[in-house]
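Numbering starts at 1 and runs along the sequence shown. Note that this is a predicted model, so its numbers are computed, not measured.
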Amino acid sequence: MKESKVKKELAETGNISIIALVDALIAEAHGLRASDIHIDPREKDVQIRMRIDGVLQDAYVFPKEIQSEIVARIKVIAGLRTDEHQNPQDGRFRIVLDDKSPIDIRVSIVPVYFGENIVLRLLAEQAEKLSLEALGLSERDRKKIENAIRSPYGMILATGPTGSGKTTTLYTILKTLNTREISIVTIEDPIEYAIEGINQIQANPLMGLTFANGLRSVLRQDPDIIMVGEIRDSETANLAVNTALTGHLMLSTLHTNDAATTLPRLLDLGLEPYLITTTVNIVIGQRLVRKICNHCKTVKVLTDAEKKSLADLGGVSVGNIPDSMSKGAGCEECLGSGYRGRMGIYEVMVVDEAIRQAMLEKCSASNIKKMAIEKGMTTMVEDGFKKATQGFTTLEEVLRVIHE
């Protein structure tokens, strides 16, 4: 790996350039593929952590003396108030690295016991890389999605917890659909990637531009396809469903554990069963798992005890677990973790006639899931186990993200 510019700046005792230090920290985080930088003030120092492939890792410890200067520097470039220390502040800025690649940084600052805590979210431009093939979907699931997005109206929902790749999935679908003959409008919070040819609106609740209010305005813009960042309340849910009913293709996300839980969740938001069954075309449940580092990939022979433990956790039979699996030994390229990069594991539930009838009868999520499996749906656990046996990830990693 290259020599750390952050370490070189810190070594300049008594002559640290805060501007160069912050720039070097962001550049290094980008080089390590970090999604977030945490700057945590402590009693005697400042802890720097980076979230790499979804997992926070310790990176540096900065001297306490430069804490206020780092905070002030970030506030200045993010256009925030430097004299405000008691209230949370949110901002954004763009930095262009030495290799000319631009990175948008989302800034969140909150007051804590030992100063102000800063989290920087790195939103590196990735729109040109988006494709259904690159998402890691199986051919069967990809075809289900391709069939669903050909519909001129209805809803496509991506579900999962925060950080499970839902927005990337929806961006990929939008990029696939984006042509000169179609008007696409999105309402997002935040706009993560800029996609040419799509009108993207940044939600701003402080100014009254919520998902719901934005959706009302968007409908007067003559769109064909609309994406709403998240359905989080009954007002947005009702507007989204009615939009899908009136001849628009609607894309959005929901926070649910799996695809089948989506339909009861929409009931909880106050939607009538017949409205849900009329509009929802497909639900994509997903998680992100870390991929085994190719630089230190090795083979591990599983003991009977390990097989049984993995089988019990995953709800599969011991006979389905192979005798040996790939794993990462840990090297400089993956910072000793054995993992480098991430990929998705998915379950794609097509809302067909049988599931619509179950919804009208207000069946439980477990019953709906059982019906979807009988219709051929591959669950996230099954998709993860398949990718583990193919050597892309590990069973431990699949079970970690499913059960966390």
Side-chain angles (χ1 to χ4, degrees), residues 132 135 137 140-160 166-167 169-179 181-188 198 211-212 214-216 218-219 221-232 234-254 256 258-286 346-360 363 365 368-369 371-372 375-377:
L132 287 173
L135 286 179
L137 289 155
R140 186 178 184 182
D141 285 344
R142 192 172 73 244
K143 284 180 178 176
K144 288 180 183 178
I145 293 172
E146 287 170 347
N147 287 335
I149 65 179
R150 289 195 194 104
S151 174
Y153 60 90
M155 289 181 73
I156 295 171
L157 297 173
T159 72
K166 302 184 298 295
T167 304
T169 298
L170 294 188
Y171 273 139
T172 304
I173 291 171
L174 288 180
K175 191 166 180 250
T176 304
L177 293 168
N178 188 17
T179 64
E181 295 80 31
I182 288 176
S183 171
I184 302 176
V185 184
T186 73
I187 311 161
E188 306 169 57
I198 294 178
F211 285 139
L215 186 50
R216 288 191 184 92
V218 162
L219 288 171
Q221 293 276 309
D222 186 32
D224 298 294
I225 300 169
I226 302 170
M227 184 183 99
V228 173
E230 183 187 342
I231 295 176
R232 58 175 69 145
S234 57
E235 185 181 16
T236 307
N238 273 290
L239 278 167
V241 164
N242 282 298
T243 300
L245 276 174
T246 54
H248 301 86
L249 188 62
M250 165 66 64
L251 284 70
S252 194
T253 70
L254 268 178
T256 62
D258 57 19
T261 314
T262 301
L263 304 177
R265 171 77 180 124
L266 290 172
L267 284 176
D268 293 341
L269 288 171
L271 295 180
E272 292 294 333
Y274 74 90
L275 287 175
I276 302 170
T277 58
T278 307
T279 53
V280 179
N281 297 341
I282 198 167
V283 182
I284 306 162
Q286 64 182 86
Y346 303 91
E347 57 185 30
V348 179
M349 185 177 77
V350 177
V351 182
D352 60 13
E353 199 53 50
I355 290 176
R356 288 191 178 97
Q357 189 58 42
M359 264 304 301
L360 290 171
C363 288
I368 292 171
K369 183 171 186 174
M371 290 178 64
K375 293 278 186 178
M377 182 182 81

Heavy atoms only: give me the nearest [X]-[Y] pair and the separation to one decimal.
X	Y	result
Met371	Ala358	SD-CB, 3.6 Å
Pro223	Val185	CB-CG2, 4.0 Å
Cys363	Ile368	O-CD1, 3.8 Å
Tyr346	Thr169	CE2-OG1, 4.2 Å
Met349	Ala259	CE-O, 3.8 Å

Can you measure from [atom1] ([X]) to [atom2] ([Y]) and round to the nearest 0.5 angstrom?
X	Y	atom1	atom2	answer
Leu254	Leu269	CG	CG	7.0 Å
Ile284	Leu170	CD1	CG	7.0 Å
Ser234	Leu271	OG	CG	8.5 Å
Tyr274	Ile276	OH	CD1	10.5 Å
Leu137	Gln286	CG	CD	8.0 Å
Thr176	Ile145	OG1	CD1	9.5 Å

Hey, are the side chains of [X] and [Y] touching, using non-hydrogen atoms and a 4.5 Å cut-off?
X	Y	answer
Val228	Val218	no
Val280	Leu266	yes
Val351	Met359	no
Leu263	Ile355	yes

Apply the side chain to side chain contact (heavy atoms under 4.5 Å, CB included) test between Leu177 and each candidate in Ile198, Thr172, Ile149; give the one that qualifies.
Ile149
For Met155, run the side chain to side chain contact (heavy atoms under 4.5 Å, CB included) check against Thr279, Thr278, Leu251 and tell me which one passes.
Thr279
For [X], check salt bridge (Lys or Arg N to Asp or Glu O under 4.0 Å) against everything at least two apart and list the hits.
X	answer
Glu272	none
Arg232	Glu230
Asp224	none

Applying side chain to side chain donor-acceptor pair (under 3.5 Å), can you list everything that pairs with [X], at least two apart in sequence or on another chain?
X	value
Thr277	none
Gln357	Glu361
Lys375	none
Glu353	none

What side chain to side chain donor-acceptor pair (under 3.5 Å) pairs are there with at least one residue in residues 235-253, not counting sequence neighbours?
Arg216-Glu235, Asp233-Thr236, Thr246-His248
Partners of Tyr153 by ring pair (Phe, Tyr, Trp, His ring centres under 6.0 Å), sequence neighbours excluded?
none
Can you list everything that forms a side-chain contact (heavy atoms from CB on, under 4.5 Å) with Asp258? Sequence neighbours excluded, please.
Ala260, Thr261, Glu347, Lys369, Met380
Going by side-chain contact (heavy atoms from CB on, under 4.5 Å), name the residues that satisfy it together with Val350, two or more places apart in sequence or in a different chain.
Lys144, Ile282
Whether the side chain of Asn147 engages the backbone of Lys143 through a donor-acceptor N/O pair (distance < 3.5 Å, no angle test) should be reported.
yes
Are the side chain of Ser151 and the backbone N or O of Ala148 linked by a donor-acceptor pair below 3.5 Å?
no
Are more than 12 heavy atoms from other residues, nucleotides or ligands located less than 6.0 Å from atom CG of Asp268?
yes
